[in-house]
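Only this structure's heavy atoms are used, side chains among them; waters, hydrogens and symmetry mates stay out. Per chain, numbering begins at 1; letters A, B, ... match sequence-line order. Everything numeric here is computed off the predicted structure, so don't read it as measured data.
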Number of protein chains: 2
Amino acid sequence: MKKVKIPEATIARLSVYSRFLNRMEKNGVDTVSSGEIAKGTASNSAQVRKDFAYFGGFGKRGVGYDVIDLNRNIKEILGLNKEWRAIIVGMGNLGKALAYYHGFSTRGFKIMGLFDNDPQKIGEKIDTLTVQDDQVMEKFLDNNEIDIMILTLPAEYTQAVVDRVEGKGIKGILNFAPTVIHASEGTQIRNVDLAVHLEVMSYNLTHSINKEQE
Amino acid sequence: MKKVKIPEATIARLSVYSRFLNRMEKNGVDTVSSGEIAKGTASNSAQVRKDFAYFGGFGKRGVGYDVIDLNRNIKEILGLNKEWRAIIVGMGNLGKALAYYHGFSTRGFKIMGLFDNDPQKIGEKIDTLTVQDDQVMEKFLDNNEIDIMILTLPAEYTQAVVDRVEGKGIKGILNFAPTVIHASEGTQIRNVDLAVHLEVMSYNLTHSINKEQE
DNA sequence: TCCTCCTTGTGATAATTCTAACATATATTG
DNA sequence: CAATATATGTTAGAATTATCACAAGGAGGA
């Protein structure tokens, strides 16, 4: 629908800005400048303004941005004014960590179900949820409207799980396994590979690349 | 030292390629083409070849790439031929998950110590390690050569920890807290914000952006 | 050996993304 | 009410990154 294509990097930064603004809100700050946002998020002021400009003007010249107002706008842009309902499949350590992770729930992502195929894990209580047998996952998806599936299982099992939920209303898949998965047209897939970060760091350290964080 | 600046995106992709090559190695495949690598890593063949070209020619025209040879080359480029020694500070769920995470150890990142300030957590055994009181962290760093510090603690505590390890030989910091941290010149800082991925997905779903994964 | 097929490596081109600079708008002060 | 200081919004330009297209190298078969 949008005329101009918005860089994904801009979207990612909006997400970071928003978390910074949350902190400002909590601290009772009511106005910030693009420069302050930049400093708090390892960006630069021109970038910050440019990012906002894609969506219109949120600030007042000579003054800055109203923290609450700006944050509300960003959240709306990001689609965080609705509640997203997710399940986590694979209750290994990472799955558990994400199930407990408050950084998701406080941003509008509600974990509705946890699944695993390991009898030892099934029945285990994690926060307010109980790990379910992954055999009942399809039925669960029929009875509950779930938007997002978070995959935290070994690479070799991921595609099978994706195939099983085909047509069950899952709109997005966040895949932590280091493997490419295929889903039907229109299902949003995002791969998160935690090792990449360490390996890029390894590269930078090895070649003494000083990435300034200013 | 390098003449041409290599895109960070290239480095990140090399990391992904390498994991794909690991799998090929395990499957006994001995030659792959750029097209096959592309298919297995959600990239495209020209991109793959270009990425390699920054570092020289690893393949044979008409044939492809020797899996083992290419993988060794990539790992060397990434600096993974040495062992990186790391500690994790903050033994919440994410910290624990990373402590258990084999995706790090199998890539040459050895977790040497775990720290927390919660008496309940101190002494807890995680895999082969025991959580230590974070008060002894400085002494631990004096006695052990540690390259990397992984931070998985609440945003408000991160900077204090970073300040405490100043001058203790830490070369890189992988920060999972959603806040900017400052370290001395030359210390590599990488921020990983898990919520960003979900929020970008939220944006894409909200604006029905179909990112093809081909 | 020659011919065909295949896949790399690369130079040119296109697209994207970031940076810089400045004109415009707002608040404040005297 | 004018002058000044401040910070936004935006346009133009620079830099980076990705894509394309093809020439060149190598393998294998006739």
Value in whole Å for how far the [atom2] atom of [N] lies from [atom1] of [X]:
| X | N | atom1 | atom2 | value |
| --- | --- | --- | --- | --- |
| A:N73 | D:dG9 | CG | P | 11 Å |
| A:K5 | C:dC18 | NZ | P | 10 Å |
| B:E36 | C:dC6 | CD | P | 13 Å |
| A:D51 | D:dA7 | CG | C1' | 17 Å |
| A:F55 | D:dG9 | CZ | P | 14 Å |
| A:Q47 | D:dT16 | CD | P | 14 Å |
| A:R61 | C:dA25 | CZ | P | 6 Å |
| B:L70 | C:dG9 | CG | C1' | 14 Å |

For C:dT10, does the base pair up with any side-chain atom of B:K50 as donor and acceptor (N or O, under 3.5 Å, distance only)? no

So does B:R49 reach the base of C:dT8 with its side chain, donor to acceptor, closer than 3.5 Å? no

Looking only at side chains, do B:S202 and A:R107 share a donor and an acceptor under 3.5 Å apart? no

Ranking C:dC18, C:dA27, D:dA18 by distance to the side chain of B:A9, first place goes to D:dA18

With sugar-phosphate meaning primed atoms plus P, OP1 and OP2, does B:F58 contact a base, only sugar-phosphate, or nothing at under 4.0 Å between heavy atoms? sugar-phosphate

Which is true for A:S34 with a 4.0 Å heavy-atom rule: it touches a base, it touches only sugar-phosphate, or it touches nothing? sugar-phosphate

State plainly whether the residues A:D69 and A:K60 are in salt-bridge range, i.e. N to O under 4.0 Å. no

Compare side-chain N and O positions of A:N44 against OP1 and OP2 of C:dC18 and report whether any pair is under 4.0 Å apart. no

Should the ring pair B:F140 and B:F115 be called parallel, tilted or perpendicular, given that the plane angle runs from 0 to 90° and is split at 30 and 60? perpendicular

Below 4.5 Å, heavy atoms only, C-beta onward: do B:H207 and A:I6 meet side chain to side chain? no

Tell me, do A:M149 and A:L141 make a side-chain contact under 4.5 Å, heavy atoms counted? no

Of B:Y65 and A:R13, whose nearest nucleotide on DNA chain C comes first from the 5' end? B:Y65

Could you pick out which residue, A:S33 or B:V63, lies toward the 5' side of DNA chain D when each is mapped onto its nearest nucleotide? A:S33

